[in-house]
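To start, the structure under review is shown below, and the notes come after it.
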Amino acid sequence: KPSRRPQKRADYLLKYRRDFTLAVVEAKSVYKKPGDGLQQAKDYAQILGLKFAYSTNGKGIVEHDFFTGKDNDLETFPTPEELWLRLQTAENITPEISERVLAPYNRLSGKIPRYYQEISINRAVQAILQGKRRALLTLATGSGKTVIAFQICWKLWNSRWNREGKYRRPRILFLADRNVLVDDPKDKDFAPFGHARWKIQGEAIKSREMYFATYQAIAKDERRPGLYKEYDRDFFDLVIVDECHRGSARDESNWREILEYFEPAFQLGMTATPLRQDNRDTYLYFGNPLYTYSLRQGIDDGFLAPYKVH
């Protein structure tokens, strides 16, 4: 049987809000130097996607700031507001979008996002709010891309973000290439959206906010001109493309026509496949990943089990 490796555990995490972590702290015994745990704190900070790392022995504090690359000796920890302001300034998080960046997750499902899911969610939401029209997340199979997609949609939907800046909830399209990849998320993970959900098949309903579809159901074929054309080009604010390496971004695919038709929408691709010769079109279309969580990292973290080839 496969065995999971033991998980790494940080001593302390400093959070600005319940779902937004700012820094990691490594605590050492009082007889050690304050900076003895700094390298370990920096390693954890890089894994956790954080920009501030601290080491302390209870008397002295050493800070590493990844924005400046400097180590600083401190007498007290900075306040949450100070750290948040430093992050806002360095990453150009304006006051207009800060509350949406900090919007809470939906925890009613009981699935509390793992650290790499939290990084993916926050980076994707921040990129969208900062106007990045095409974005990509690369995460290993089994790492929970559907949970990530749901929380991204929930944060944007709850904070009433939309492309036009109007006071309304966004219209989001979740696209995949198989019914099971659409029906399962719609009926399980995305259940908190309630009656806002709609699966597009056969007719173009326009009164909902969270839409699901397979490419095949809305693409053109020898019998139909394409159901997607019954929606205005600017109808959707966000299009999430699950398993986007399967052909959605290939030039010769008529699936690409769907993405180009909804060009005004923000588009987020999700894939488990790192950059290779046969999927380079995907990376050319969406750009470099906002975040990559590899199979090796998942195994090292104890979240994924090593596979054996038979």
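Computation of the quantities below employed the complete heavy-atom set of this structure, encompassing side-chain atoms and omitting hydrogens, waters and symmetry-equivalent molecules. Since this is a predicted model, take the numbers as computed values, not measurements.
With R197 contributing its side chain and G194 its backbone, the two residues share a donor-acceptor pair below 3.5 Å. D237 places a side-chain N or O within donor-acceptor distance of the main-chain N or O of R171, the cut-off being under 3.5 Å. Distance alone, capped at 3.5 Å, is enough to place a donor-acceptor pair between the R163 side chain and the D234 backbone. Remark: side-chain polar atoms of S55 are paired, donor with acceptor, to backbone N or O of P34 under 3.5 angstrom. One N or O on the side chain of Q117 and one on the backbone of R114 form a donor-acceptor pair closer than 3.5 Å. The main-chain N or O of R160 is found under 3.5 Å from a side-chain atom of R100 such that the two form a donor-acceptor pair. When atom types are taken as modelled, the side chain of Q130 and the backbone of E91 share a donor-acceptor pair closer than 3.5 angstrom.
Side-chain atoms of I258 and V239, non-hydrogen and from C-beta on, never get closer than 4.5 Å to each other. Side-chain atoms of R178 and D184, non-hydrogen and from C-beta on, never get closer than 4.5 Å to each other. In this structure, F190 and W154 have side chains that are not in contact, with every pair of non-hydrogen atoms separated by 4.5 Å or more.
Taking Ile, Leu, Val, Met, Phe, Trp and Tyr as members and joining any whose side-chain heavy atoms lie under 4.5 Å apart, directly or through other members, the hydrophobic cluster of L38 also contains V62. Hydrophobic cluster of L85: no remaining members, since no ILVMFWY side chain lies below 4.5 Å from it.
Other residues, nucleotides and ligands contribute over 12 non-hydrogen atoms within 6.0 Å of the CZ atom of F66. Heavy atoms from other residues, nucleotides or ligands lying under 6.0 Å from NZ of K206 number more than 12. With a 6.0 Å radius and a threshold of 12 heavy atoms from other residues, nucleotides or ligands, E164 has its CD atom above the threshold. By the neighbour-count criterion of 12 heavy atoms within 6.0 Å, atom CZ of R296 is sparsely surrounded, having that number or fewer from other residues, nucleotides or ligands. Taking a 6.0 Å sphere around NZ of K15, one finds it holds more than 12 heavy atoms contributed by other residues, nucleotides or ligands.
When the salt bridge (Lys or Arg N to Asp or Glu O under 4.0 Å) test is applied to E209, no partner is found at least two apart in sequence or on another chain. Residues satisfying the ring-ring contact (aromatic ring centres under 6.0 Å, His included) test with F266, not counting sequence neighbours, are W161.
The nearest pair of heavy atoms linking N57 to K32 is ND2-O, 2.8 Å. Contact record, R208 with A196: CB-O, 3.3 Å, taken as the closest heavy-atom pair. Closest approach of Q267 and L259 over heavy atoms only: NE2-O, 2.8 Å. Scanning both residues, A176 and L181, for their nearest heavy atoms gives CB-CB, 3.7 Å. The two residues A217 and I200 have their closest heavy-atom pair at CB-O, 3.9 Å.
Evaluated for a side chain to side chain donor-acceptor pair (under 3.5 Å) with D19, the options R107, Q151, K155 yield exactly one hit, R107.
Aromatic pair F193/F150: ring centres closer than 6.0 Å.
For residues 135-146, the pairs satisfying side-chain hydrogen bond (donor to acceptor under 3.5 Å, both in side chains) are T138-Y283, with sequence neighbours left out. A ring pair (Phe, Tyr, Trp, His ring centres under 6.0 Å) check over residues 71-104, counting only residues at least two apart or in different chains, returns the pairs Y16-W84, F20-W84, Y54-F77.
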